[in-house]
Amino acid sequence: MNIEKKLRTAASSAIHSIYNYDVKNEDIQIQSTSNEYDGYFTILLFSFSKKFNEDPGMIGKKIGNYFIEHEDFIEDFNVEKGFLNIDINKLSWLKLFYNISSDDNWGFKKDLGKELMVEFSSPNTNKPLHLGHLRNIFLGDSISRILKAVGYKVHKVQIINDRGIHICKSMIAWIKFGKGDSPEKSGMKGDHFVGKYYVLFQKELNRQIQKQIKKGKTEEEAEKNAEIFLEAKDLLIKWENRDPEVRKLWKLMNNWVYDGFDKTYKTLGVNFDKIYYESETYLYGKKEVEKGLNKNIFFQKEDNSIWVDLNKHGLDNKLLVRSDGTSVYITQDIGTAILRFRDFPKIEKQIYTVGNEQEYHFKVLFKILEIQGFDWAKECFHLSYGMIDLPSGKMKSREGTVVDADKLLKEMVHISAKRTKELGKINDFNKDEQKLLFEKIALSAVKYFLLKIDPKKSMLFDPNESIDFQGNTGPFIQYTYARIISILERSKNIGIKDDFDINVNVNDINEFEKKIIYLLSVFPDKISIAASEYSPSIIANYIYDLSKAYNRFYQEISIFKEEDSETIIFRISLSRTVSKVILNGMKLLGINMTNKM
RNA sequence: GGUCCCGUAGCUCAACUGGAUAGAGCAACUGCCUUCUAAGCAGUAGGUUACAGGUUCGACUCCUGUCGGGAUCACCA
């Protein structure tokens with residue numbers, strides 16, 4: 001039973017009866033009542049004031065009185081300015097609650113038979129993942145779960161930037177300084193191992209540049225002509241020409257990186273349905289560009305470079321293939337996009353989880369695909385998110401201020417272990433259980449920290465302050481959940497039947513319980529909004545509100561001291577339902593819960 | 001310079017898409033553990049929503065301008 005719908009119907013019939021005016025149900029504005037006023041549902045009356053040439057407060061009183069006389073589900077009302085605040089009766093609250101408690105999939109929609117694709121993570125293969133990647137990965141993973149919750153079949157994919165000058169830089173440094181070392185021999189994680197050589201390349205490059213500058217060259221000249229840079233470029237050309245030795249090393253080093261990434265993904269609890277590699281798609285993109293050239297939607301300059309003119313769409317001319325025939329970044333993106341729609345013909349659109357620095361790139365990409373005649377291009381969406389800044393400013397790999405993902409996670413596990421031990425509530429945990437718990441708490445802290453903020457906004461991370469465990473945080477929600485589980489355990493142990501149904505005769509429902517039921521009732525709306533806005537932060541903040549409301553209830557109301565046995569059943573069921581929504585809501589954020597902490 | 005985004009308590013973020021006296025957390029201060037987990041709860045203090053206009057019953061939200069910050073406009077990715 002949908003209360004808002006009932007209220008709309010009731011209000012329109014009230015208006016019809018009082019003013020002899022027909023108003024559509026959807027034209028009646030309803031919102032939740034502000035905390036300072038009595039009531040839980042509020043009808044806005046301002047828009048009727050002109051129509052009936054009457055003070056909105058008076059309209060509210062008339063409608064309210066009509067409700068009391070004609071609508072028995074309405075318990076009470078008050079009018080403040082143009083706001084008609086309403087409380088419903090006990091039976092309606094119980095019905096509303098029963099509707100939620102008896103539905104194990106509360107908030108989740110049935111399969112729509114529609115498909116879509118979400119791209120996220122998609123790192124370069126020359127260095128390990130950092131905090132920015134974590135925001136990307138959690139966002140992409142969470143939005144995939146949320147879209148699934150509203151009924152889509154979701155394909156999670158990556159495009160791995162496995163080819164290009166960046167990996168050649170690591171390769172040449174390894175050839176020069178590696179002496180046959182490997183992750184196995186050195187005991188390093190593969191991505192960090194390869195990253196080390198990327199850094200070595202930069203160091204050597206700088207050394208050579210400084211040397212040349214001393215000899216009187218400009219910085220630009222020095223960089224272009226630095227020996228190690230030329231060697232890296234040479235490797236790239238050899239790679240393009242499929243030199244077997246170079247390809248062999250390339251494969252070896254990329255696999256080291258993938259090994260490392262896989263370990264990180266595993267600790268993060270994310271996975272992908274299909275992985276695309278740029279080395280396999282970039283030629284495909286070139287073919288599509290040539291097709292467009294033949295169709296005259298692109299044009300070629302005298303030097304053989306291929307371009308698209310997007311000026312009439314408010315964008316610029318964009319290069320698609322270089323004069324030497326090699327492809328640029330967008331070439332492979334065109335190819336990959338088309339390939340994906342061929343691989344998955346049923347997908348309606350693709351969602352690209354990529355930082356906001358690439359907004360222009362995606363505008364251009366979608367427009368090009370549209371010009372090429374792909375109808376789905378209009379549906380594609382760039383899930384753009386803001387950068388993570390440090391108190392000192394931007395993260396810069398050159399200045400070594402990048403927050404390494406693996407290191408951060410390790411630190412968080414360490415902090416959560418320390419804290420948990422201090423509180424001393426888990427003495428019955430064995431070593432394995434402890435480890436699992438510390439990891440869960442740490443990961444929930446990091447994921448929640450990154451997901452609670454609106455993706456569009458850039459955010460700040462202070463490595464010195466690390467990530468909180470109190471207040472609006474993952475651990476706070478874990479804690480609330482663990483408390484509820486503890487109550488449910490106890491009720492089971494003392495033999496209370498958790499079999500609430502509509503016939504259970506509850507004495508009274510207090511304000512804390514009403515607030516909780518109200519919050520539970522809006523869970524489906526929150527999922528819908530999160531999906532349509534591509535914003536997991538809606539879910540995160542909602543779960544926080546629900547947890548707070550439950551903690552308040554927990555503090556004020558003693559469940560087991562209650563004398564009326566039916567009220568106890570109701571409260572146990574209420575607790576169980578809150579735990580269910582917390583569990584499912586957090587699952588949408590990709591966060592696993594612990595039963596005890 | 002063109003285009004786009006952002007500016008809310010000391011700090012980090014919300015605000016149901018135009019609704020009530022702008023809310024939380026952190027930091028500070030004050031209470032609450034012989035009672036279901038104190039990683040909790042309650043309270044005090046903290047604001048001209050960058051600034052100036054406009055639109056209307058009503059603006060953090062929409063429009064215009066100004067100031068401040070960021071991104072982007074590569075034969076880089």
Side-chain angles (χ1 to χ4, degrees), chain A residues 29 31-37 42 44 46-47 49-50 55-56 80-83 85 124 161 164-166 278 301 303-307 314-316 318-330 332-333 355-361 363-364 384 386-387 389 391 393-394 416 419-420 422-423 425-426 441 445 449 452-454 456-462 465 468-480 482-491 522 525-526 529 533 537-538 540-542 544-545 547-548 551-561 571 575 596-597:
Chain A
Q29 282 186 73
Q31 63 184 42
S32 61
T33 303
S34 173
N35 277 332
E36 307 123 78
Y37 301 92
T42 293
L44 301 190
F46 300 99
S47 59
S49 180
K50 262 186 192 165
D55 174 62
E80 200 69 39
K81 295 178 192 167
F83 301 89
N85 305 319
N124 288 351
N161 216 336
I165 190 70
H166 52 88
E278 191 188 323
K301 286 191 179 172
D303 63 2
N304 284 330
S305 56
I306 303 175
W307 296 73
L315 304 162
D316 304 304
K318 179 78 189 172
L319 176 88
L320 300 178
V321 173
R322 294 195 187 98
S323 51
D324 64 3
T326 58
S327 62
V328 290
Y329 184 55
I330 203 162
Q332 67 85 17
D333 258 348
N356 61 11
E357 59 205 350
Q358 296 200 34
E359 271 170 10
Y360 182 77
H361 171 78
K363 259 185 206 164
V364 169
S384 165
M387 300 288 107
D389 295 323
K394 295 187 65 163
S416 85
R419 241 194 117 82
T420 309
E422 276 168 9
L423 292 171
K425 298 182 197 169
I426 54 150
I441 293 173
F449 176 78
K452 77 171 175 188
I453 294 165
D454 186 336
K456 290 195 291 278
K457 295 199 171 174
S458 61
M459 57 182 289
L460 196 98
F461 174 75
D462 188 341
E465 292 185 9
D468 266 325
F469 283 70
Q470 282 166 14
N472 190 357
T473 66
F476 167 82
I477 294 165
Q478 294 274 16
Y479 175 74
T480 308
R483 270 180 153 183
I484 300 176
I485 298 302
S486 168
I487 283 178
L488 298 181
E489 289 283 312
R490 178 166 166 190
S491 81
V522 300
D525 303 339
K526 296 294 177 182
I529 296 168
E533 295 192 358
S537 69
I538 305 274
N541 287 308
Y542 165 75
Y544 175 62
D545 287 341
S547 299
K548 263 179 55 121
N551 278 328
R552 184 73 209 269
F553 161 77
Y554 182 97
Q555 190 74 25
E556 302 289 339
I557 307 296
S558 174
I559 294 176
F560 295 108
K561 268 192 183 169
R571 286 177 183 163
S575 300
K596 197 178 168 192
M597 68 185 276

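These figures come from a predicted structure and were not determined experimentally. Throughout, protein chains are lettered first and strands after them, A, B, ... in sequence-line order, and every chain is numbered starting at 1. Only this structure's heavy atoms are used, side chains among them; waters, hydrogens and symmetry mates stay out.
Note on Asn551(A): a side-chain N or O is less than 4.0 Å away from OP1 or OP2 of C41(B). The side chain of Lys318(A) contributes no N or O atom lying less than 4.0 Å from OP1 or OP2 of C75(B). The shortest distance between the side-chain N/O atoms of Lys394(A) and the OP1/OP2 oxygens of A71(B) is below 4.0 Å. Taking 4.0 angstrom as the limit, Arg322(A) places a side-chain polar atom (N or O) nearer than this to OP1 or OP2 of C76(B). For Lys457(A) and G7(B), the shortest distance from a side-chain N or O to OP1 or OP2 is below 4.0 Å. Phosphate proximity of G40(B) to Arg483(A): absent, as no side-chain N or O sits under 4.0 Å from OP1 or OP2.
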*What do the steps show when you test Asn161(A) against His166(A) for side-chain contact (heavy atoms from CB on, under 4.5 Å), and what is the final call?*
CA-CA 9 Å; Asn161(A) 216 336; His166(A) 52 88; 3.9 Å; yes
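With distances taken from any side-chain atom of Leu423(A) to the nucleotides C41(B), A39(B), C36(B), the minimum falls on A39(B). Side chain of Ser486(A), nearest nucleotide from C16(B), C36(B), U21(B): C36(B).
Between C6(B) and G10(B), the distance separating the two P atoms is 22 Å to the nearest Å. U21(B) and U64(B) are spaced 30 Å apart, taking the C1' atom of each and rounding to whole Å.
Note on ring orientation: taking the six-membered ring where Trp is involved, the planes of His361(A) and Tyr329(A) are tilted (angle from 30° to 60°).
A stacked arrangement is assigned to Phe83(A) and the six-membered base ring of A20(B), with a centre-to-centre distance below 5.5 Å and an interplanar angle below 30°. Look at Tyr544(A) and the base of A24(B); the rings do not stack under the cut-offs of 5.5 Å between centres and 30° between planes. Between the side-chain ring of Tyr554(A) and the base of G40(B), no stacking contact exists by the 5.5 Å and 30° definition.
Both distances falling under 3.5 Å, in either a Watson-Crick or a G-U wobble arrangement, place G31(B) opposite C41(B).
For Thr420(A) against A39(B), a side-chain-to-base donor-acceptor contact under 3.5 Å is present. For C57(B), the base has no donor-acceptor partner in the side chain of Ser49(A) [N/O atoms by modelled type, under 3.5 angstrom]. The base of A20(B) sits with one of its N or O atoms less than 3.5 Å from a complementary donor or acceptor on the side chain of Asn85(A). The base of A20(B) sits with one of its N or O atoms less than 3.5 Å from a complementary donor or acceptor on the side chain of Thr42(A).
Atom CG of Asp454(A) and atom C1' of U12(B) are 14 Å apart (whole Å). Rounded to whole angstrom, the span from the CD1 atom of Ile485(A) across to the P atom of A39(B) amounts to 18 Å. In this structure, Gln555(A) places its CD atom 12 Å from P of U37(B), rounding to the nearest Å. One atom, CG of Asp389(A), and another, P of A71(B), lie 8 Å apart when rounded to the nearest Å. Taking atom CD1 of residue Ile484(A) and atom C1' of nucleotide A39(B), one finds them 15 Å apart after rounding to whole Å.
Note: Tyr479(A) and Phe469(A) fail the aromatic proximity criterion, with ring centroids not under 6.0 Å apart.
Not one N or O on the side chain of Thr326(A) forms a donor-acceptor pair closer than 3.5 Å with the backbone of Arg322(A).
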